[in-house]
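In what follows, a structure is listed as structure tokens, so that the remarks can point back to it.
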Amino acid sequence: MLGFNRKNSSRYRLAVAVSHTKARFFLGKSAAEAESTSIEPILNDVLPLPSEQPERVVADFFSKYKKLNLESTPTTLVLAPQLYESIQVEPPSVPAAEIADSLKFSLKELMSYSPDNAAIDYYELPFHAAGSKNIVALATAKDSLQRWVAAIEQYKLKLQSITATETVLAALIDNSARGHLVIYENDEQGYLIQIYHKKRLAFSRQLRALRPLSEYSGDEIEAGALEPLATEVQRSMDYYESQLRQAQVAQVTCAFEHRQLDKVTATLNELLAVACEKFAYPAWAYELAEGDYTDLTAIAALQQMLDSETEANKSRSEVA
């Protein structure tokens, strides 16, 4: 989404994951070998965002870590779900290069942003229900986005890409040929269910009406408190298998905090009759990971940056 494709001149890599109220900064340093995907975590910090003022929070970050030389650091900005709208829509009948611009007219009645103040991009899903060729349009406020871009570039960072939570998380999923469903907790947005196939996002759905799972005690879980969540997960799996005509989901992973998460996964395993487990942080990030999964989008953005660089390096090596 909105990639800039600039040549890297720093070994640092920075992900900035933002919501209405805070900004997560995850800084890493890439491996010396160009072909390697490893990264050394340097810092993982979250700062409050005062009155949606990106200039303030970026200034606070650089003031706090002024000893680091971050000039020319490749940077990815990740928007939380409450900062954009995700809409499935028929693609406009225009050349591929013109689809994003044409979506302003297709989405005029479907999004809350005015066409003049909408930054729009889109992505395609690998599978479609019968008779559908929908793409997923992502729309956000252009003026707010421009303030983030200006704040980041003011400190001579290299903004490589702007992406969304729902598109970046796939970078953390293993390359499995069977469906892999993950349940995430989103700040201010309830829960996000995603299904991946061969490391590609195949299905995404927001759940906003559920009571926070962290509020359930062990006794409540045993009494059936997870049944509403299990029902929604089952509906998602049914859609993936019947409407998208894919093989049964092979694994369910929980990426949300709960003091008895082992009991949660065991209970979901029984309710869904599908292997269920806790989300495992990537090994390179484990040392600085929060442990409550609130930093997954920032970590995924760094992983995606390294994966893209590795592929580019391989391509250059093959050409050479």
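Quick caveat: nothing in here was measured; it's all calculated off a predicted structure. Note that the numbering runs from 1 along the sequence shown for the chain.
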Determine yes or no for a side-chain-to-main-chain donor-acceptor pair under 3.5 angstrom, with D295 supplying the side chain and E290 the backbone. yes
Between T75 and T73 (side chain of the first, backbone of the second, donor and acceptor by atom type, cut-off under 3.5 Å), is there such a pair? yes
Below 4.5 Å, heavy atoms only, C-beta onward: do T231 and R235 meet side chain to side chain? yes
Donor-acceptor pair, side chain of T140 and main chain of A119, under 3.5 angstrom: no
Measure the shortest side-chain to side-chain distance between P48 and V57 over non-hydrogen atoms and say whether it is less than 4.5 angstrom. no
For K199, all residues meeting side-chain hydrogen bond (donor to acceptor under 3.5 Å, both in side chains), sequence neighbours excluded: none
Checking Y155, F61, Y12, F62 against F25 for ring pair (Phe, Tyr, Trp, His ring centres under 6.0 Å), the one that qualifies is F61
Is any side-chain heavy atom of V264 closer than 4.5 Å to a side-chain heavy atom of T267? no
Test: salt bridge (charged side-chain N to carboxylate O under 4.0 Å, His left out). Region: residues 139-148. Which pairs qualify, not counting sequence neighbours? E55-R147
With a 4.0 Å cut-off, would you call E220 and R211 a salt bridge? yes
By salt bridge (Lys or Arg N to Asp or Glu O under 4.0 Å), R200 pairs with (sequence neighbours left out) none
Just checking, is any N or O donor in the side chain of E232 or Y191 under 3.5 Å from an acceptor N or O on the other one? no
Could you tell me whether a side-chain N or O of Q246 sits under 3.5 Å from a main-chain N or O of G179, the two making a donor and an acceptor? no
Are K156 and L70 close enough that some pair of their side-chain heavy atoms sits under 4.5 Å apart? no
Pair E153 + K158, salt bridge at N-O below 4.0 Å: no
Without swapping roles, check the side chain of N134 against the backbone of Q88 for a donor-acceptor pair under 3.5 Å. no
Between F279 and Y293, what is the ring plane arrangement, given parallel below 30°, perpendicular above 60°, and tilted in between? perpendicular
Tell me yes or no: between the side chains of E85 and S112, is some donor less than 3.5 Å from an acceptor? yes
Testing the 3.5 Å rule here: is there a donor-acceptor pair between the side chains of S144 and Q146? no
Just by distance, no angles: are the side chains of T265 and E277 close enough, under 3.5 Å, to form a donor-acceptor pair? no
Could you check whether any side-chain N or O of T165 sits under 3.5 Å from a backbone N or O of L79, counting only pairs where one atom can act as donor and the other as acceptor? yes
Taking T163's backbone N and O only, do any of them form a donor-acceptor pair with S161's side chain (distance below 3.5 Å, no angle check)? no
Taking the six-membered ring for Trp, are Y239 and F203 parallel (under 30°), tilted (30 to 60°) or perpendicular (over 60°)? tilted
Does any part of the side chain of V233, heavy atoms only, come nearer than 4.5 Å to the side chain of I193, both counted from C-beta? yes
Worked verdict on T294 versus R24 for side-chain contact (heavy atoms from CB on, under 4.5 Å): CA-CA 9 Å; T294 58; R24 164 83 58 183; 3.0 Å; yes
